[in-house]
Structures are given as structure tokens and as C-alpha cells.
Amino acid sequence: MIATVREVGMQWSAVVGYGVGCGAALSVVFTAAVFAGAALSRDFLLNDYPPAIQERYGRPKSARGRRVAVWFGVVVWGVAGLPLLTAAMVGLDGALDGGLTFLPAALCAALVFATLALWDLVVLDWIIFAGLRPRLLVLPGTEGMAEYRDLRFHLTAAIKGSPLIAVVGLVTGGVAALLA
């Protein structure tokens, strides 16, 4: 049986829908976790600040900041990320005529992480961190520094992290193909 263009389009719309939908849900959890983490320890993301801000702050990440960073990772990736990615794969398996195969799984997973990466860059880094600069995200002693508004720093960091999108997609696609 040959699939019509419309059927193929519906298949790919499911891939995009699950990828972007789960990516948006993960972005909401990620955002809440950033603010909760900062409320518990402002320096928990110290290594993600521009170097000049880290230098003026003048201290290494506190023990509390390190603990909060670990819990942040557990919540974002273990409690939310993995279950959302699994839900996307299960939902996609039911939505695709031939079941879940490597390519749709890989693209869906890549879309989950691309959505998160874009949200992180545009909403968290550029709008909230660089634009609004809530006190909760400003390290003590670094108030008013111009580096908080350095959009290029955040863009460069996002570009450096972008290979992770492909890695997650390929690994997820491989796991899905093995389990199918």
C-alpha cells in the first residue's frame, strides 16, 4: 500500500506535535526549576554566568549551590525530561501507522531538546536574564553589570550546546529502533 501525501503529512505533523509539545512542557518545568533553584541558592548556576560576572562575584560555587545544582538536574532531567521524552515516544508510537521507527523517534527527541534550547535562549536568557534581570537571578555584588545584557554570550553558549540536540535525537532514535 502506498501512502498518500496527506497521510505522510499527518505522520510528520504527529512527530512535530509531540516534539514541540513535550519540549514546551519541559521548558515550563525547566523555567520553574531555575527560579526554585535560584531561590534556594543564587549561585547554583554560577558557571553559566558570563566570566566577568563570575569574576566580580569572586567566589566559587557554594556547597549549597552545588547541592541545588544536583537536585536541579535530577528534577529537570530525571523527574521531567525522561518521563516527557518517554511519553512522546509512546504517544508517537500509537500515532504512526507503522509504529515508532528510528527516524521519527530521532526527529521527535531532537525537537524536544531544540524547543527547550530555543526557549532557554530567547525567554530565559535574553528576555528574563538579560532584559528583565529579576533580583533573584543577579548574584550579590554584581548588580548593574553590563555583562548581564550580553546577548552574544548567551547565543554563543546556545550554539556550543546545540550538538546535544543531535546526540539526544540519535540516541533516542537508536533506543526506539532497538525496542521496536
Side-chain angles (χ1 to χ4, degrees), residues 1-40 44-45 47-48 68-132 137 151-180:
M1 170 191 252
I2 298 174
T4 66
V5 172
R6 183 178 189 151
E7 290 170 334
V8 171
M10 293 300 287
Q11 300 271 327
W12 288 112
S13 69
V15 171
V16 172
Y18 278 102
V20 173
C22 288
L26 184 56
S27 298
V28 169
V29 171
F30 186 84
T31 302
V34 165
F35 280 94
L40 294 170
F44 92 104
L45 290 175
N47 298 338
D48 294 327
V68 170
V70 167
W71 280 108
F72 173 83
V74 168
V75 168
V76 170
W77 306 121
V79 174
L82 190 57
L84 280 168
L85 196 55
T86 301
M89 295 304 116
V90 169
L92 195 54
D93 184 42
L96 299 176
D97 291 338
L100 192 59
T101 59
F102 174 80
L103 186 59
L107 290 175
C108 181
L111 280 170
V112 169
F113 280 84
T115 301
L116 174 61
L118 188 61
W119 175 273
D120 181 38
L121 174 64
V122 175
V123 175
L124 280 175
D125 292 343
W126 285 354
I127 295 174
I128 295 174
F129 186 81
L132 299 173
L137 299 178
L151 302 183
R152 184 178 294 163
F153 169 80
H154 298 289
L155 178 61
T156 302
I159 290 169
K160 286 179 184 176
S162 64
L164 183 61
I165 295 168
V167 170
V168 168
L170 292 171
V171 169
T172 304
V175 169
L178 287 173
L179 296 176

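- Taking both residues in full, the closest heavy atoms of Leu96 and Pro104 are given as CD1-CB, 3.6 Å, listed atom of the first, atom of the second, then distance.
- Note that NE2 of His154 is 9.5 Å distant from CH2 of Trp126, once rounded to the nearest 0.5 Å.
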### Verdict with supporting geometry, Leu26 and Thr115, side-chain contact (heavy atoms from CB on, under 4.5 Å)
CA-CA 9 Å; Leu26 184 56; Thr115 301; over 6 Å; no
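- Considering every non-hydrogen atom in both Gly173 and Ala105, the closest pair reads CA-CB, 3.9 Å.
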Between side-chain atoms of residues 29-37 and protein atoms elsewhere (two or more places apart, or another chain), which donor-acceptor pairs fall under 3.5 Å?
unit_1: Thr31; atom_1: OG1; unit_2: Ser27; atom_2: O; d: 2.8
unit_1: Thr31; atom_1: OG1; unit_2: Trp119; atom_2: NE1; d: 2.7

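- Checked against a 6.0 Å centroid threshold, the rings of Phe113 and Trp77 count as neighbours.
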Extract all donor-acceptor atom pairs below 3.5 Å that involve side chains of residues 165-172 and protein atoms in other chains or at least two apart in sequence.
unit_1: Thr172; atom_1: OG1; unit_2: Val168; atom_2: O; d: 2.7

### Task
Evaluate side-chain contact (heavy atoms from CB on, under 4.5 Å) for Val15 paired with Trp12, printing each intermediate quantity in order.
CA-CA 5 Å; Val15 171; Trp12 288 112; 3.7 Å; yes
### Steps toward side-chain contact (heavy atoms from CB on, under 4.5 Å) verdict (Ile127, Val122)
CA-CA 6 Å; Ile127 295 174; Val122 175; 4.2 Å; yes
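- Of all heavy-atom pairs spanning Phe44 and Ala69, the tightest one is O-CB, 3.7 Å.
- Interatomic distance, Gln11 CD to Leu92 CG, rounded to the nearest 0.5 Å: 8.5 Å.
- Distance CD1/Ile159 to CG/Leu121: 8.5 Å, rounded to 0.5 Å.
- Distance CG/Leu100 to SG/Cys108: 8.0 Å, rounded to 0.5 Å.
- Rounding to the nearest 0.5 Å places CG of Leu118 at 11.0 Å from CG of Leu111.
- Here the straight-line distance linking atom CG of Leu45 with atom CG of Asn47 works out to 8.5 Å at 0.5 Å rounding.
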